[in-house]
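Worksheet: the structure to be examined is printed underneath.
Numbers here simply count residues along the sequence, with the first being 1. First listed ligand is number 1; within each ligand, the first listed atom is number 1.
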Amino acid sequence: METYPIPLVPGPVRVRPEVLAAYGRDFGSADLEEEFFALYAATTARLQRILQTRAPVVVWQGEGMMALWGALKSVLSPGDRVLAVATGVYGYGIGEMAAAAGAEVRTVGLDYDRTIGDLAAVAQAIGEFRPKMITAVHCETPSGTLNPLADLGRLKHEAGVPLFYVDAVSSVGGAPVLPDAWHIDLCLGGSQKCLAALPDTCFLSVSEAAWEAAAQVRYAGYDALLPFRDALARRLFPYTPCWQATSGLHAAAGAVLAEGLEACFARHDAVAAHCRERLAQAGFALFPAPGAVPSPTVTAVRVPENIAWPEWDRRLRRRGLVVGGSYGPLAGKVFRLGHMGTQADRGLVDRALDILEEERRALP
Ligand SMILES: *Cc1c(COP(=O)(O)O)cnc(C)c1O
């Protein structure tokens, strides 16, 4: 397999060396050793600091989608009402996943190039539909947008909606994600985006209301949340956790905290702004609509006219640059630069932009 010297795929991103080093060590059987329990506790404590939350954080084996599915199935019984607030592939997709899990779903949606703003339609839907849970996505990675969630969280809280579920997989560690301030009950993160670890763990903060919902639903399965409520206290995990993966996530979270949250978020903001500025100067059209909030972790750009995406992708790869395509209705129309985690690096983005500029000039 060929590898690319200029990786700008929006996850999995280039892995931190200190994370890779954690995989080279030998450990004992994770589910039996006190050292593992201490590592698990230290890892969740680091994630709590990154999320600035007092709620417990649970770490799961499996990449981001596992958190999305497991959290839904753990708190929903058939017929429960879910209001999906959607502005992109993941937001609409979570509504479909909740429906597949047996929920009755209503979606309040915007076009994929927009972000959440006026909440009148959401407020009306809450009043009519009385959902058990609202779902939303913080960073819509395929659209390169970041939904502001503070006001939606306040609305959920004031309206007495029991649960707020947020996919923050591609923003945790790259932008402030504040489950406590935003009244989020299930805040989902992944290892392979801004934390720059391998795609093998995911994590979620769990409010007391979410634990209570899980205790009522009593979902059983590999991705069930409830067994993690007292797994550490009982020294009883529902499966053997991967010591190396937990160690990798511990190192990744430690690197973010060692840089400092403010510095880390500022680095993402600065690189994103620089990336968008150079793209605009070079004549590229950004995907998010005017007025939508662009994400500090990923930039979505329209594929230039006069060339099809597969050929554009081939030309960039020939130069050593690999970017992300997009999904669903955006497939073939949008490509993405993932400047998150290790890739929120001005030098790396400049090398990519030099190539993008040249390749664009070479188009008919
Ligand atoms: C990456 C991502 C996920 C998880 O998907 P993976 O299969 O782990 O890549 C979920 N939600 C969002 C918004 C993501 O960007």
Q | For Lys193, atoms of ligand 1 separated by under 4.0 Å from a heavy atom | A | 1 (C), 2 (C), 3 (C), 9 (O), 14 (C), 15 (O)
Q. Once the angle between the rings of Trp243 and Phe36 is folded into 0 to 90°, is it parallel (under 30°), tilted (30 to 60°) or perpendicular (over 60°)?
A. perpendicular
(Q) Looking at non-hydrogen atoms alone, which of Val89, Val137, Asp167 comes nearest to atom 12 (C) of ligand 1? (A) Asp167
Q) Taking distance alone, with no angle check, do Leu68 and ligand 1 share an N/O pair under 3.5 Å? A) no
Q: Name all residues meeting the side-chain hydrogen bond (donor to acceptor under 3.5 Å, both in side chains) criterion together with Gln216; count only those two or more places apart in sequence or in a different chain, and write none if there are none.
A: none
Q) Parallel, tilted or perpendicular for Phe237 and Tyr40, by the 30°/60° rule? A) perpendicular
Q: Just jot down the ligand 1 atoms closer than 4.0 angstrom to any heavy atom of Cys139, in number order.
A: 13 (C)
Q: Indicate, as side chain, backbone, both or neither, the part of Glu140 found under 4.0 angstrom from ligand 1 when only non-hydrogen atoms are considered.
A: neither
Q.
Using every non-hydrogen atom in the two residues, find where Leu249 and Leu47 come nearest and quote the distance to one decimal.
A. CD2-CD1, 4.1 Å
Q) Got a salt bridge between Arg154 and Asp151, using NZ or NE/NH1/NH2 to carboxylate O under 4.0 Å? A) yes
Q: Determine, for Arg360 against Glu305, whether the closest basic-nitrogen to carboxylate-oxygen distance falls under 4.0 angstrom.
A: no
Q | Atoms in ligand 1 with a heavy atom of Gln192 nearer than 4.0 Å | A | 6 (P), 8 (O), 9 (O)
Q.
Quick check on contacts: which atoms of ligand 1 are under 4.0 angstrom from a heavy atom of Thr141?
A. 12 (C), 13 (C), 14 (C), 15 (O)
Q: Identify, for atom 5 (O) of ligand 1, the protein heavy atom at the shortest distance, and state residue, atom and that distance.
A: Tyr90 OH, 3.7 Å
Q: Could you tell me whether Tyr112 and Tyr92 have their ring centroids closer than 6.0 angstrom?
A: yes
Q: Look at atom 6 (P) of ligand 1 and say which protein heavy atom is nearest, naming residue and atom and giving the distance to 0.1 Å.
A: Glu63 OE1, 2.8 Å
